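All values derive from a computational prediction rather than experimental measurement. Below, chain A is the first sequence line, B the second, and so on; all start at residue 1.
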Amino acid sequence: MLIEQIIREKITQAVHELYSQDIQPETVQIQGTRKDVRGDLTVVVFPYLRFSRKSPEQTAVDLGNFLKENVAEISDFEVVKGFLNLVISARYWVNLLSGIHGTEAYGFTPATEASPLAMIEYSSPNTNKPLHLGHIRNNLLGFSLAEILKANGSKVVKTNIVNDRGIHICKSMYAWLKWGEGKTPETTGIKGDHLVGDFYVLFDKHYKQEISELQGKGYSKEEAEQQAPSIQAARELLRKWEARDPETIALWSKMNQWVYEGFDVTYRELGVGFDKIYYESDTYLVGKEEVMRGLEKGIFIRKEDQSVWADLSDEGLDQKILLRSDGTSVYMTQDIGTAKLRFNDYPIDKMIYVVGNEQNYHFQVLSVLLDKLGFEWGRGLHHFSYGMVELPNGKMKSREGTVVDADDLIAGMVEVARKTSEELGKLEGYSEEEALDTYKTIALGALKYFILKVDPKKNMLFNPEESIDFNGNTGPFIQYTYARIRSVLRKAEERGIVTTLKNSGLFSLSVKEQDLVKTVSSFPVIVKEAGEAYSPALIANYVYNLVKEYNQFYHDHSILAETDEDIRNFRLVLSETISRIVKSGMGLLGISVPERM
RNA sequence: GCCUCGGUAGCUCAGUUGGAUAGAGCAACAGCCUUCUAAGCUGUGGGCCAUGGGUUCGAAUCCCGUCCGGGGUACCA
């Protein structure tokens, strides 16, 4: 049993015996003792003053004496300012570490047959342009969240809804037909998603030009936007697509395929993936059917112009459009259809949407709409809402060209990792392939950690001028510490050191060593909290703190020294345990750790 | 206007269910490579936790007001 639990129960008992009051063990407040004060754990005694009718100091002394007599692991206590600081015996810490060291996948709860199934939707790109930094945050959060939920004993299906139809892709198609000269990713050597994105930009360029020309001829802005030949042509393509015109469908398939091949490369670089991919072209009609069903049942209303609406004013929300006056579907319609298909396909207990906070209102509405349509899981939807990535001059806007392209960013990071590594003279003796592999691991570690360490719900800032750091509170810092521990362990093995952890209780532990065991032992709590709060940032900051503590320890203590065998072994086991926690913690973030760097 | 999220060091961010003297990194300055990897470690400076009230033994944390900023708010996705 953990020492905290023992203390809780004994404090409960003490309050009962000394002050004749019954309290709940869970309510006993225990926290780590401040670094500058003697002790390991601290009990807050203020809540018991009204029972004891004594000063905080006297109450703390009473309880301290009781604990010291009744708990073997408590070797001493000290009272400072009414806080009861308990000193825990070295024997306890050694036992604790030994237990952790012997536990497979410490802190992880494997899923069983009976485990709930969570479906996580993330990424969800449009097929008209390449992925950018905003998508990276989405992808990393989604993937990490899946890993965290798995670690907490959940079955997980990762899914992606690809927004593959609509006017946006028709714009790229039109531009390609008109100015593409038959270019393909093969003939140009350009990654498919970028090539299609280039035509999207090209479309926009011509479109804008046409608008200004029309405005010069006396058209209003709105008229010009409607009348421009390019947009007319794109709309015509959309009509043909919806009419299943074979030629249009073929072109659509071809260009989307280019994009998917491009996306796959980026996904692979990021290390994310999906168990099931849905395409909007397959789901939007289902959504329409559902809306029509709702209309028949009288849940929705049709206005004079034939548009279909949901009136959610009794829910404190507005009216929401579900089908346009021309009968075409909107964003909401598609999400209804996609949700229905998913729940047909899987026994989903929890549906999680990883989508930016600009969609908060949308998901509030979606939840209510699904509920009204009679899906009992509607209310249970969870919108994992995250803040946007901002640039120093504000929001990323694709139309203004202020986006940070995902592929460019990754390539740049790898280049910096390579340079830094070469300057430091690391990785000597590694083959070129091994080295490149490590550079990628470090680069992606830096990028992923940079994004995941921030509280998901907050907006975050990315400054492209200052490339992502490799020093300090960063992924590479954590990876570096891991690599160094692995190096120590390799050396120990070379020297034939066999580590058996003795608990003679004859040696004492430094404060740092106790702190490290304490921090390590709280890993399961952090994993659980991260799962409940859906927050990879909790894991990231925990791992950083652990590694920071270890680094300080590393410089103060010799691990391989032939001093006292028991102490040396304790330190080796401690190091090994920490390396394992670091590896699994980083694994929850989708960050791998190199054996050398 | 209404809804919603945020405001902590010059900058980027932490801050457990309300707990002791507010925590890191970056940037600046001063040290530390002959031991296990210096992508590191140690030290110095840097704070009205936006602001005014309230709740209580105790508030960056909870409640109310104000100011500033982001996002959303009926036919974009």
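Between the CZ atom of A/R165 and the P atom of B/rC76 there is a distance of 13 Å, given to the nearest Å. Taking atom CG on A/L312 and atom C1' on B/rC3, their separation rounds to 14 Å, with Å as the unit. A straight line from CD of A/Q334 to P of B/rC75 spans 16 Å, rounded to a whole angstrom. Atom-to-atom, CG of A/L49 to P of B/rC57 comes out at 10 Å; the value is rounded to the nearest Å. Between A/Y361 atom OH and B/rA74 atom P there is a gap of 8 Å when expressed in whole angstrom units. Computed from coordinates, the A/N126 CG to B/rA77 P distance equals 10 Å when rounded to whole Å. Taking atom CG of residue A/L366 and atom P of nucleotide B/rA74, one finds them 18 Å apart after rounding to whole Å. Atom C1' of nucleotide B/rG71 and atom CD of A/Q364 are separated by 13 Å, given to the nearest angstrom.
Checked against side-chain hydrogen bond (donor to acceptor under 3.5 Å, both in side chains), A/D311 has the following partners two or more places apart in sequence or in another chain: A/S313. A/Q359 is linked by a side-chain hydrogen bond (donor to acceptor under 3.5 Å, both in side chains) to nothing, counting only residues two or more places apart in sequence or in another chain. A search for side-chain hydrogen bond (donor to acceptor under 3.5 Å, both in side chains) contacts involving A/S124 returns A/E121, not counting sequence neighbours. With sequence neighbours excluded, no residue forms a ring pair (Phe, Tyr, Trp, His ring centres under 6.0 Å) with A/Y449. In terms of the side-chain hydrogen bond (donor to acceptor under 3.5 Å, both in side chains) criterion, residue partners of A/W309 (sequence neighbours excluded) are, by chain and number, A/S307. The salt bridge (Lys or Arg N to Asp or Glu O under 4.0 Å) test applied to A/D455 returns A/K457, not counting sequence neighbours. Not counting sequence neighbours, A/Y386 has no partner by the ring pair (Phe, Tyr, Trp, His ring centres under 6.0 Å) test.
The side chain of A/M388 sits closest to B/rG71 out of B/rA74, B/rG71, B/rG72. Here B/rA74 is the nucleotide among B/rA39, B/rC41, B/rA74 with the atom lying nearest to any side-chain atom of A/I321. Candidate nucleotides B/rA74, B/rA77, B/rA39 were compared by shortest atom distance to the side chain of A/Q359, and B/rA77 ranks first. Out of B/rG71, B/rA24, B/rA74, the shortest distance to the side chain of A/K548 is found at B/rA24.
Applying the 90° cutoff around 0 to the glycosidic angle, B/rC5 is assigned anti.
Between A/E280 and A/I442, it is A/I442 whose nearest contact on RNA chain B lies nearer the 5' terminus.
B/rC49 sits 5 Å from B/rA60 when the C1' atoms are compared, rounded to a whole Å. Separating the P atom of B/rC41 from that of B/rA27 is a span of 13 Å, rounded to the nearest Å. The C1' atoms of B/rA28 and B/rC11 are separated by 13 Å, rounded to the nearest whole Å. Using atom C1' as the reference point in both B/rG15 and B/rA9, the two lie 14 Å apart (nearest Å). A gap of 13 Å separates the P atoms of B/rG58 and B/rU21, to the nearest Å. Nucleotides B/rG18 and B/rC63, compared at atom C1', are 13 Å apart to the nearest Å. Remark: the separation of the C1' atoms in B/rU37 and B/rC32 is 16 Å, to the nearest Å. Look at the P atom in both B/rG47 and B/rG23: the space between them is 15 Å, to the nearest Å.
Salt bridge present: A/R418 and A/E422 bring a charged side-chain N and a carboxylate O closer than 4.0 Å. Salt bridge A/D193/A/K129: absent, no basic N to carboxylate O contact under 4.0 Å.
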(request) Scan nucleotides 11-22 of chain B nucleotide by nucleotide, 5' to 3', and note B when protein non-hydrogen atoms come under 4.0 Å of the base, S if they reach only the sugar-phosphate, - if neither. (result) -SSS----BBB-
List every contact pair, protein side and nucleotides 32-37 of chain B side both N or O, where the distance is under 3.5 Å.
{"residue": "B/rC36", "atom": "O3'", "partner": "A/K491", "partner atom": "NZ", "Å": "3.4"}
{"residue": "B/rC36", "atom": "O2'", "partner": "A/Y554", "partner atom": "OH", "Å": "2.7"}
{"residue": "B/rC36", "atom": "O2", "partner": "A/L560", "partner atom": "N", "Å": "3.2"}
{"residue": "B/rC36", "atom": "N3", "partner": "A/I559", "partner atom": "N", "Å": "3.1"}
{"residue": "B/rC36", "atom": "N4", "partner": "A/Y554", "partner atom": "O", "Å": "2.9"}
{"residue": "B/rC36", "atom": "N4", "partner": "A/H557", "partner atom": "O", "Å": "2.6"}
{"residue": "B/rU37", "atom": "OP1", "partner": "A/S487", "partner atom": "OG", "Å": "2.5"}
{"residue": "B/rU37", "atom": "OP2", "partner": "A/S487", "partner atom": "OG", "Å": "3.4"}
{"residue": "B/rU37", "atom": "OP2", "partner": "A/K491", "partner atom": "NZ", "Å": "3.0"}
{"residue": "B/rU37", "atom": "O2'", "partner": "A/Y480", "partner atom": "OH", "Å": "2.3"}
{"residue": "B/rU37", "atom": "O2", "partner": "A/K426", "partner atom": "NZ", "Å": "2.6"}
{"residue": "B/rU37", "atom": "N3", "partner": "A/M597", "partner atom": "O", "Å": "3.0"}
{"residue": "B/rU37", "atom": "O4", "partner": "A/M597", "partner atom": "N", "Å": "3.4"}

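Residue contacts shown for A/S421 include a base, since a base heavy atom lies under 4.0 Å away. Among the heavy atoms of the strands lying under 4.0 Å from A/F470 is at least one base atom, whether or not backbone atoms are also near. Using a 4.0 Å heavy-atom cutoff across all strands shown, A/Q319 reaches at least one base atom of the nucleic acid.
Taking the six-membered ring for Trp and thresholds of 30 and 60 degrees, A/Y174 and A/F203 have ring planes more than 60 degrees apart, a perpendicular arrangement. Relative orientation of the A/Y550 and A/Y554 rings is tilted, given thresholds of 30° and 60° on the angle between their planes.
With the 3.5 Å cutoff on both pairing distances, Watson-Crick and G-U pairs in RNA chain B assemble into runs of at least 3 at B:1-7 with B:67-73, B:10-13 with B:23-26, B:28-32 with B:40-44, B:50-54 with B:62-66.
Scanning atom types as modelled, no donor and acceptor separated by under 3.5 angstrom connect the side chain of A/D326 and the base of B/rC75.
Between the side chains of A/E513 and A/S510, at least one donor N or O sits under 3.5 Å from an acceptor N or O.
Among pairs with a residue in residues 531-542 of chain A, those fulfilling salt bridge (charged side-chain N to carboxylate O under 4.0 Å, His left out) read A/K528-A/E532, at least two apart in sequence or across chains. Residue pairs meeting the ring pair (Phe, Tyr, Trp, His ring centres under 6.0 Å) criterion with at least one member in residues 460-490 of chain A, sequence neighbours excluded: A/F450-A/F462, A/F477-A/Y544.
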